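Computed from a predicted structure; not experimentally measured.
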Amino acid sequence: MNGSLLVNIVLMYAILIGINIPASFFGIDFNEEEARQRLWFEPPGYVIPLAWFVLFTLLGTARYLLLKAHPGTGADWLILILAVVCASYAYYTIGLARLTGVSALWFGLIGNLVVIGLALVAAYGVGALNARAGLLILPVALWTTYATAIVLGEMRVQGLV
């Protein structure tokens, strides 16, 4: 399926929203952040979902460019897998923390490292076919690196590292 740019962006939004809607049915509360002082470099809470909508827009655009230039290569699966892993964040952080009693920060750290690695692999694989599409994936790695610094900062404040 090549589709239009809009179709590819809507597909990414469908992944992001569709994966996160059932979270509340599993008892995952996105607003359950305990009262704590924010780190000096941490953005306000509303910035995070906005950033992810921008990043998923870039992923949709990357998929469109890739499929337009190289239909049928199957490389678009790298983008789709990355999108699913990114959208599943609440499940492998808050969800696993609830199941195991281990701090969600540990799962967030591990998950972020996986996302960074996967984003770099996807950017490289897609970039080999379409350089612009590959470059559009890199902001996911950059944003997640920033998020990892926040997680490490929170872990330090809580005495986990």
Minimal non-hydrogen separation, Leu129 against Ala75, with atom names: CD1-CB, 3.5 Å

Side chain proximity check, Val140 to Ile116, heavy atoms < 4.5 angstrom: no

Joint hydrophobic cluster, Ile21 plus Val85, side-chain heavy atoms closer than 4.5 Å: yes

Minimum-distance pair of heavy atoms, taken over all atoms of Ala133 and Val126: CB-CG1, 3.5 Å

Reported CG-to-OG1 distance for the pair Leu5 and Thr61, which is rounded to 0.5 angstrom: 5.0 Å

Hphob cluster co-occupancy, Phe25 + Ile17, side-chain heavy atoms under 4.5 angstrom: no

4.5 Å side-chain heavy-atom contact, Thr144 and Cys86: no

Least distance between heavy atoms, Gly18 atom then Pro22 atom: O-CD, 3.0 Å

Distance, nearest 0.5 Å, that separates CD1 of Ile81 from CD1 of Ile15: 10.5 Å

Hydrophobic cluster membership, Val10 vs Trp52, 4.5 Å side-chain cutoff: no

Phe107 side chain near Val151 side chain, heavy-atom distance below 4.5 Å: no

From Arg132 atom CZ to Leu65 atom CG, the distance as rounded to the nearest 0.5 Å: 5.0 Å

Flag if over 12 foreign heavy atoms under 6.0 Å of CZ, Phe41: yes

Ile110-Leu152 co-clustered via ILVMFWY side chain contacts under 4.5 Å: no

Proximity of Tyr13 and Phe56 rings by center, below 6.0 Å: no

Any side-chain heavy-atom pair of Val84 and Leu80 under 4.5 Å: no

Validation row: Leu58, Ile137 side chains within 4.5 angstrom (heavy atoms): no

Non-hydrogen atoms of Leu96 and Tyr92 that approach each other most closely: CD1-O, 3.5 Å

Nearest heavy atoms of Ala97 and Ser103, plus distance in Å: CB-C, 4.2 Å

Ala23 backbone acceptor or donor facing Tyr91 side chain under 3.5 Å: yes

Interatomic spacing from OG in Ser4 to CG in Leu67 - rounded to 0.5 Å: 11.5 Å

Where Leu138 and Ala123 come nearest, the two heavy atoms and their spacing: CD2-CB, 3.7 Å

Spacing of OG1 belonging to Thr73 relative to CG belonging to Leu66, to within rounding of 0.5 Å: 5.0 Å

Transitive ILVMFWY side-chain link Leu142 to Leu82, under 4.5 Å: no

Leu59 side chain near Leu136 side chain, heavy-atom distance below 4.5 Å: no

Atom pair CG (Leu113) and OG1 (Thr145), whose distance is rounded to the nearest 0.5 Å: 8.5 Å

Close side-chain approach of Lys68 and Asn130, heavy atoms under 4.5 Å: no

Test side chain to side chain contact (heavy atoms under 4.5 Å, CB included) applied to Met12 and Ile79, step by step: CA-CA 9 Å; Met12 292 299 132; Ile79 298 170; 4.1 Å; yes

Tyr89: which of Val115, Ile94, Asn112, Asn20 passes side chain to side chain contact (heavy atoms under 4.5 Å, CB included): Asn112

